[in-house]
Structures are given as C-alpha cells and as structure tokens.
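Shown next, in structure tokens, is the structure this report addresses.
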Amino acid sequence: MRFSRYFMPVLRDVPKEAEIVSHRLMLRAGMIRQQASGLYSWLPMGYKVLMKVQKIIEEEQNRSGAVELLMPTIQSADLWRESGRYEAYGKEMLRIEDRHEREFLYGPTNEEMITDIFRSYVKSYKDLPLNLYHIQWKFRDEVRPRFGTMRSREFLMKDAYSFDLTKEDAVKAYERMFVAYLRTYARMGLTAIPMRADTGPIGGDLSHEWIILAETGESQVFCHRDLLDKPIPGKDTDFMGDLTPIFNDWTSLYAATEEMVDEAEYEAAVPEDKRVSARGIEVGHIFYFGTKYSEPMKASVTGQDGKETVVHMGSYGIGLTRVVPAIIEASHDENGIVWPVSVAPFEAVLINLKAGDTDTDAACDKLYAELTAAGIDMLYDDRDQPAGSKFATADLVGIPYQLILGPRGLKSGEVEIKHRKTGERESLPLTEAVARLKGLIEPQRMTDI
Ligand code: ATP
Ligand code: MG
C-alpha cells in the first residue's frame, strides 16, 4: 500500500476524551472514529487489524470443529419471549419497531436465534455434536460506554454455540473451545488466562472468563503465576480426541475473577511467591448452560433409544473489537503501538527518505515491488514529508519493521532495518533486504504454532 494513496488520518495531539492508552493510540493512529457515544467507525488501518484478528479466530474455531454461519443483527421480540429473556434483559437491549408495528431488537447475543435454527433442522442424536458460530455486530446499550472500543455499545463478537446429547458430551465440547481459545489468543500475541467465572444472567454451572492482565482492566483477578508462561497446545492437537488432560492441566492452577475468588482457597492453593493479584480485561467468556434455552424453546433430538431428549448447550464469546485495544494495552511504549506481527496492520513499512528524487524513488519502487511479491504485507511511505515525521508516524502506528532507504544508502548499496519492538537497527546490502525481512517476519506470523 502506498501511503500517498492510503487513508490514515494520524492525529498530532493527544485526544482529551481518551482516558486509557489504547484509546489514545487508536485515535492518534487513525484507526477508529467515534460517531456517537459507544459507536465507532473502523478506519482502514484499524479495520485491517480487526480483520486479521477475525481470520485467526476463524482458523482456530474451524480447526476445533466449529462451523461458521451468519445470523442477522435484528431479531424478533417473539423469539426472545420464548426464552423469557425479552423482559428480563432490561434497558441494555435496543428495542425496535418496524412499519407494521412489529417488535424487533438489535441482538445483544444469539442464543435464542441459534436454538431456533437448531430445532428447525436437527432431529437426531446422529447429527450431534454440533457447534455453530458467527462473527456479527452486537448492540448493548451500556450504561457507561467508555475506553473507546473496549466498552462500546455496538461491538463485533464471535459467538459459538454447542449442542450435545448429554452433559458429558457438552463438557467435551466446552473443552474443545477451551483449547481453541488458548491457541487463538496466543496467535494474536496475547497471554489470556482462563479464570473461573460467574455465569451471570446467562446461567449454568461451568464458565471461564479469558483475561488479559493490564492496569487499565475493569476487574480484579487472582491467579497462579505459572499460568502466565504455560506452553500452548500445538496445532497438531487432536480435537477429535480426549482434551480432558489439557483442560485439567490448565484448570488445576488457581485463577478466578473477583466475583468468584475465595480468599482462603486462593491462599491455600497458591504459594505466596506465585500469587498474582492484578487488574484484568475480559476478552472472552465461555459457558456451559445445559438446557436453559433448549428446554423452553423445545430443542430436542431423538436419542439412540428413540426417546426425545432436550439438548445440552454452551456458548462461547470473543469480543473482537475489544481484543484490538487489549493487544495495544499489552503492547505499546512511549512512542506508540508495538504490534505483534500476526495482527499488525502492515508487517513492514518502507520509508523513502527523499521522495521526489528520481534515483531514490526508482530504488524504493523496485524494493517495494520485490517485498510485496515476496508476500510481505507492506506499507510504502512514498510521501514528500520530512524524515523525522515519517519515523514518528511509523513508530506511532506500530509497524513491526521499518526499512529505511535514502540517497546515502543507495550510494553504498545499503538499507537500514529498524526493529520497532527493540529499537535495534541493522544495516545490510540492499540485495539481502527481502530475504532478511522474510526471515524475521515469517516465524512471527504464528501460523505454524
Ligand atoms: P462485560 O462484563 O465486560 O460487560 P459481558 O460479560 O457482559 O462483558 P459477554 O456476554 O460475556 O460480555 O460477551 C462476550 C465477550 O464480548 C466479552 O468477553 C467481551 O470480550 C465482549 N464484550 C462484551 N460487552 C462488550 C462491549 N460493551 N464492548 C466491547 N466488547 C464487549
Ligand atoms: Mg462475560
């Protein structure tokens, strides 16, 4: 992408309304724009990150055996009356009336709708297990939308729903999602810890919140330090096999949110030097809730014995538009964002130090073409701007590698590479730049972990 043709409205000043660093940096880097309280446009660079996050989620959901579909944002009130949640949901639900005075709502979640789809088609235990998911906008009229897209009113969520014949099978489905989540966050460069959680209004008795430790987090959490650097199950994990050992291994170490923590239990379970009590951001939440929706909505299948059995369900959410700022909270410095390669809006930026100079332009154009052909997701800063401002922008928007080329380097046949994360710089022959950059970037794409 040529910067001169791109749309990246970088702000010089720190926006006053932004209280936390991710919100400030997302505004300054031109990733998002607030349209009204809790409603955001995703500008091109922000959208690019969001779509990279989405792709990782889809790959790991699919790997675990979940199947993607897409449900509408608007749902009928009658469907929610069946489960009893239309009244129960309260003011967070945006209620809408159409021209025929029929009642609708902008979906805050999709348990009812997916249960309706399920009961319409699935009739036999032979069709189970089934896990269906979608990635769709949700609306919750939050009392206090804040921190940019961290807590907005309209937000993008991945929500998966599992259907099983028995509780035992439903727990297996839960374990598959649990392992998929471990892999998903790791691939985004995040350390997300599964913590025992309250099931809240959704109900049920098995639930984990996925928490990123960050000072700006809204909840207090308590966990065992070893969870912070525990190795993640590899891509060869057999999702058709028994995942209970992995699940037990992870859940044997203490981790709970403030609603669930039992001080005495925590102190007994975790030696003093291993105790982590910190603030955390909830980036995902998984539930097993049994027959809470299938019972009132009559979602049942015929079992092996020919009897009608109400199915056991679970639901599994990840807030994509919250994950993006959470990554920034976890990875930034005083100069701006430091993107992990796997979700970076661009993997590298080529900075032309003398745009307008015929020889420099020709050399940069050629290098840009070669880098792009090598499959590197490139931004090419071809603008006629002072070098200092280009460097500052590259640092602010957090692109992992900067390739710097000007007339002086051209003369000696050398290009400079700056590593955004460490600040380290290396000079190398122009002819080696593509291979070197590929070598740096490819392992960090985390497509192979
Ligand atoms: P919170 O406790 O933060 O209000 P929740 O428990 O109500 O969230 P869930 O119903 O568990 O949210 O939704 C699944 C995921 O969707 C959450 O883990 C979070 O990542 C995301 N999410 C929920 N509400 C918002 C919001 N207002 N803005 C952005 N993301 C959200
Ligand atoms: Mg939650």
Side-chain angles (χ1 to χ4, degrees), residues 20 22-23 26 32 34-40 42 46 50 53-54 56-57 61 73 85 88-94 106-114 133-161 174 177-178 180-181 184-185 188 190 192-204 206-214 216-221 256-260 279-289 292-293 313-330:
I20 61 171
S22 57
H23 189 193
M26 285 176 82
I32 52 168
Q34 184 178 317
Q35 304 296 157
S37 170
L39 301 176
Y40 289 85
W42 285 76
L50 189 62
V53 164
Q54 172 158 334
I56 292 172
I57 293 174
Q61 289 292 296
T73 54
R85 277 210 294 184
Y89 219 93
K91 289 199 161 200
E92 285 213 346
M93 183 185 275
L94 180 63
Y106 192 127
T109 178
N110 282 66
E111 280 81 6
E112 284 79 359
M113 192 176 275
I114 200 78
Y133 78 97
H134 75 160
I135 295 176
Q136 178 61 290
W137 294 91
K138 307 287 186 288
F139 191 95
R140 294 181 189 173
D141 205 350
E142 299 272 352
V143 186
R144 228 187 126 201
R146 59 178 184 159
F147 303 157
T149 67
M150 191 78 88
R151 181 171 295 286
S152 49
R153 296 199 291 171
E154 189 183 38
F155 59 96
L156 189 59
M157 198 207 287
K158 183 283 300 180
D159 37 327
Y161 303 90
Y174 187 91
M177 274 295 122
F178 187 95
Y181 273 47
T184 302
Y185 295 116
M188 296 170 188
L190 281 175
I193 306 165
M195 303 205 178
R196 256 193 272 162
D198 191 10
T199 49
I202 290 188
L206 180 59
S207 172
H208 287 87
E209 280 183 6
W210 294 76
I211 303 281
I212 310 276
L213 301 187
T216 49
E218 291 185 292
S219 41
Q220 187 70 25
V221 298
T257 60
E258 61 195 324
E259 297 86 27
M260 292 297 280
R279 304 299 292 175
I281 300 169
E282 179 195 326
V283 287
H285 200 163
I286 59 180
F287 300 88
Y288 159 72
F289 48 72
K292 184 175 160 82
Y293 301 95
M313 293 175 60
S315 76
Y316 314 87
I318 298 182
L320 284 77
T321 46
R322 180 179 289 180
V323 160
V324 174
I327 295 170
I328 298 174
E329 289 294 327

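Sequential numbering from 1 along the given sequence is applied to the chain's residues. Read the numbers this way: they start at 1 and go in the same order the structure lists the ligands and their atoms. Keep in mind it's a predicted model, so treat the numbers as computed, not measured.
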Test of understanding: given a 4.0 Å heavy-atom threshold, classify the contact between [X] and ligand 1 as side chain, backbone, both, or neither.
X	value
R151	both
K138	neither
E282	both

Seminar exercise, completed: From the list W210, F287, Y185, ring pair (Phe, Tyr, Trp, His ring centres under 6.0 Å) partner of F178 resolves to W210

Exercise. Mind checking whether E218 has a heavy atom under 4.0 Å from ligand 1?
Worked result: no

Exercise. Does even one non-hydrogen atom of T109 get within less than 4.0 Å of ligand 1?
Worked result: no

Report the member of [options] with the shortest heavy-atom distance to [atom].
atom	options	answer
atom 20 (O) of ligand 1	G319, G148, G38	G319
atom 12 (O) of ligand 1	M157, R140, H285	R140
atom 29 (C) of ligand 1	R153, M150, E92	M150
atom 22 (N) of ligand 1	W210, Y316, F155, F139	F155

Any idea which atoms of ligand 1 are less than 4.0 Å away from a heavy-atom of [X]?
X	answer
T149	29 (C)
G284	18 (O), 20 (O)
V283	18 (O), 20 (O)
S152	26 (C), 27 (N), 28 (N)

Exercise. Is a salt bridge present between R146 and E218, judged by a nitrogen-to-oxygen distance below 4.0 Å?
Worked result: yes

Exercise. Looking at ligand 1, does any of its N/O atoms fall within less than 3.5 Å of an N/O of G317?
Worked result: no

Exercise. Any N/O of T321 closer than 3.5 Å to an N/O of ligand 1?
Worked result: no

So, taking the atom named [atom1] in [X] and the one named [atom2] in [Y], what distance separates them when rounded to the nearest 0.5 Å?
X	Y	atom1	atom2	answer
Q136	F155	CD	CZ	11.5 Å
H23	R151	NE2	CZ	14.0 Å
N110	D159	CG	CG	5.0 Å

Problem set entry | Exam field: side chain R140 to backbone P108, donor-acceptor pair closer than 3.5 Å | yes

Where is the tightest heavy-atom contact between [X] and [Y], given as atom of each residue plus distance?
X	Y	result
M157	K138	O-NZ, 3.7 Å
G314	F289	C-CE2, 3.6 Å
I328	M26	CD1-CG, 3.5 Å

For this session: Check all N, O or S atoms of E282 and name the one closest to the Mg ion (ligand 2).
Result: OE2

For this session: Quick one: report the N, O or S atom of H285 that is nearest to the Mg ion (ligand 2).
Result: ND1

Exercise. Parallel under 30°, tilted from 30 to 60°, perpendicular over 60°: which one fits the rings of Y174 and Y316?
Worked result: tilted

Exercise. Does a donor on one side chain sit under 3.5 Å from an acceptor on the other, for E329 and S22?
Worked result: yes

